[in-house]
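Below: one structure, written as structure tokens.
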Protein chains: 2
Amino acid sequence: MELDDTDRAILRILQEDARTPFSEVARRIDMSSATVHDRVSRLEEAGVIRGYHAEIDPGSVGYGVSALVGLRVQQGHEDEALARLREVDGVREIHLTTGEWDVMMRVYAENTDDLRELMFGQIAGMDGFDRSQTMVILGTAYEEAGVPIPSHR
Amino acid sequence: MELDDTDRAILRILQEDARTPFSEVARRIDMSSATVHDRVSRLEEAGVIRGYHAEIDPGSVGYGVSALVGLRVQQGHEDEALARLREVDGVREIHLTTGEWDVMMRVYAENTDDLRELMFGQIAGMDGFDRSQTMVILGTAYEEAGVPIPSHR
DNA sequence: GGTGAAATCCTTCCCTT
DNA sequence: AAGGGAAGGATTTCACC
């Protein structure tokens with residue numbers, strides 16, 4: 001789907017605050033709210049907008065620790081290994097990557113004990129992996145929701 | 001702030017779809033929409049809900065490549081190094097981590113040429129870093145927005 | 001936590017350019 | 001093909017119980 005500057009302006013607003021009323025979006029981009037509604041519908045249908053999510057403070061719901069985990073997968077075990085990984089509680093992202101690790105995942109745990117149980121109790125015992133490294137996130141210096149949206153193409 | 005089961009139910013719904021009308025949230029948790037509104041306001045003010053964001057397909061806005069980048073920071077240069085990093089276009093997350101890398105960041109780029117320019121043109125030339133590794137994301141096997149929200153505590 | 005009412009917003013249809 | 005006006009029905013919001 002081809003996007004124009006108006007579409008990108010809408011995306012920028014909704015990525016920043018997904019609950020902005022269409023009437024206000026309309027005001028800001030100087031169009032009617034019917035048009036905004038129309039464009040948003042098209043963007044949703046085309047898969048440009050995948051969904052709308054509340055961003056929740058992990059600490060408030062009991063997650064005190066997050067980590068990035070690198071994994072080496074044994075040849076031929078890729079599919080089953082990934083299928084089992086996504087069942088592990090706390091795993092929120094699983095990426096296939098180049099470099100030292102075949103898989104990089106992002107996990108959340110209540111505390112370090114929980115994280116240890118997750119890594120040594122669950123993942124270390126799985127077939128299909130032969131090495132891992134846990135990079136505990138000590139702090140986040142910067143985190144912006146979503147992707148940068150260029151003002152034109 | 002102390003959360004109860006009702007709060008967590010609301011959070012789960014809004015994390016999944018931030019534009020769910022409060023009237024429907026109310027229906028699902030069997031309360032009035034005024035109460036939902038009241039609770040959501042308190043969750044926002046307490047910082048439990050940090051915001052609402054549209055999830056946008058990176059490919060649709062021109063980002064064909066994403067990567068995780070590990071960096072080693074020279075002692076004593078931490079603050080300035082991080083300050084400069086967050087100015088780099090395409091950088092969306094910067095985490096301080098234990099393990100082989102001091103900093104792990106997530107970047108988006110148009111294509112591999114763009115990513116190379118970002119890494120070799122911009123970051124490699126900066127003071128304060130002495131080693132890096134770029135883990136290009138070849139694919140994402142699983143990605144769930146936000147954090148798991150337990151049904152009780 | 002709920003009710004009720006006013007203000008606002010969403011949505012659709014239809015008309016215009 | 002794209003945008004705007006208008007109108008209904010739904011939703012948000014706020015004062016008060």
Side-chain angles (χ1 to χ4, degrees), chain A residues 1-57 59-62 145-147 149-153, chain B residues 1-63 145-147 149-153:
Chain A
M1 178 187 179
E2 267 307 303
L3 305 184
D4 62 18
D5 290 351
T6 302
D7 290 323
R8 281 187 290 271
I10 292 171
L11 293 176
R12 213 171 298 113
I13 292 168
L14 293 181
Q15 181 170 259
E16 170 97 21
D17 181 1
R19 289 189 75 102
T20 311
F22 290 173
S23 55
E24 193 192 324
V25 176
R27 220 168 306 145
R28 290 208 230 161
I29 65 173
D30 203 44
M31 287 194 170
S32 75
S33 60
T35 303
V36 172
H37 181 263
D38 195 61
R39 291 208 176 225
V40 170
S41 299
R42 284 192 300 105
L43 290 165
E44 287 171 352
E45 273 157 34
V48 178
I49 296 176
R50 289 178 174 163
Y52 305 93
H53 308 287
E55 180 191 353
I56 289 159
D57 171 47
S60 300
V61 288
V147 293
I149 296 176
S151 45
H152 56 86
R153 292 228 80 207
Chain B
M1 178 186 178
E2 268 306 303
L3 305 184
D4 62 17
D5 290 351
T6 303
D7 290 323
R8 280 187 290 272
I10 292 171
L11 293 177
R12 213 172 297 113
I13 292 168
L14 293 181
Q15 181 170 258
E16 170 98 21
D17 181 0
R19 289 188 74 102
T20 311
F22 290 174
S23 56
E24 193 193 324
V25 176
R27 228 173 344 239
R28 290 208 230 160
I29 66 174
D30 204 45
M31 288 193 170
S32 76
S33 61
T35 304
V36 173
H37 179 262
D38 195 62
R39 290 202 177 230
V40 170
S41 299
R42 285 193 299 104
L43 291 166
E44 288 171 352
E45 274 156 33
V48 177
I49 296 176
R50 289 178 174 164
Y52 306 93
H53 308 287
E55 180 191 353
I56 289 159
D57 172 45
S60 299
V61 288
Y63 295 96
V147 294
I149 296 176
S151 45
H152 57 85
R153 291 228 80 207

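Note on naming: letters A, B, ... go to the chains in the order of the sequence lines (proteins, then strands), and numbering restarts at 1 for each one.
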| For the side chain of B/Thr35 and the backbone of B/Met31, is there at least one donor-acceptor N/O pair under 3.5 Å apart? | no

| task | Report the C-alpha distance between B/Gln15 and B/Tyr52 in whole Å, list the side-chain angles of each, state the deciding distance to 0.1 Å, and finish with yes or no for side-chain hydrogen bond (donor to acceptor under 3.5 Å, both in side chains). | result | CA-CA 8 Å; B/Gln15 181 170 258; B/Tyr52 306 93; over 6 Å; no

| query | Checking all strands, does A/Ser32 fall into the base, sugar-phosphate, or nothing category for heavy-atom contacts under 4.0 angstrom? | reply | base

| Do A/Glu24 and A/Arg28 sit within salt-bridge range, that is, some charged N less than 4.0 Å from a carboxylate O? | yes

| task | Could you tell me whether the phosphate oxygens of D/dG4, OP1 or OP2, come under 4.0 Å of any side-chain nitrogen or oxygen in A/Thr35? | result | yes

| message | In whole Å, measure the gap between the C1' atoms of C/dT16 and D/dG8 for me. | response | 22 Å

| query | Does a salt bridge link B/Arg12 with B/Asp5, judged by any charged N lying under 4.0 Å from a carboxylate O? | reply | no

| message | By the 4.0 Å heavy-atom rule, please label A/Arg42 as base, sugar-phosphate, or nothing. | response | nothing

| task | Rounded to the nearest angstrom, tell me the gap between atom CD in B/Glu45 and atom P in D/dT13. | result | 13 Å

| said: Which nucleotide wins on minimum distance to the side chain of A/Ser33, given the candidates D/dG5, C/dT11, D/dT12? | reply: C/dT11

| Passing candidate, side-chain contact (heavy atoms from CB on, under 4.5 Å) with A/Thr20, options A/Ile13, A/Val36, A/Ile10 | A/Ile13

| request: Let me know the distance between CE of A/Met31 and P of D/dA1, rounded to the nearest Å. | output: 18 Å

| query | Looking at C/dC10, D/dT11, D/dG4, which one has an atom nearest to any side-chain atom of B/Ser23? | reply | D/dT11

| Quick one: is A/Arg39 getting a side-chain N or O under 4.0 Å of the D/dG3 phosphate, OP1 or OP2? | yes

| Can you check the A/Arg27 CZ to D/dG3 C1' distance for me, whole Å? | 18 Å

| task | Could you check how far CD1 of A/Ile29 sits from P of D/dG4, rounded to whole Å? | result | 9 Å

| request: For C/dC10, take OP1 and OP2 only and decide whether either is under 4.0 Å from a side-chain N or O of B/Arg19. | output: yes

| query | Is B/His37 near enough to D/dT12 that one of its side-chain N or O atoms lies under 4.0 angstrom from OP1 or OP2? | reply | no

| query | Atom CG of A/Asp38 and atom C1' of C/dT16: how far apart are they, to the nearest Å? | reply | 15 Å

| To the nearest Å, how far apart are B/Ile10 CD1 and D/dT12 P? | 13 Å

| message | Of the options C/dG2, C/dC10, D/dT11, whose atoms approach the side-chain atoms of A/Phe22 most closely? | response | C/dC10

| query | To the nearest Å, how far apart are A/Met1 CE and D/dA1 P? | reply | 14 Å

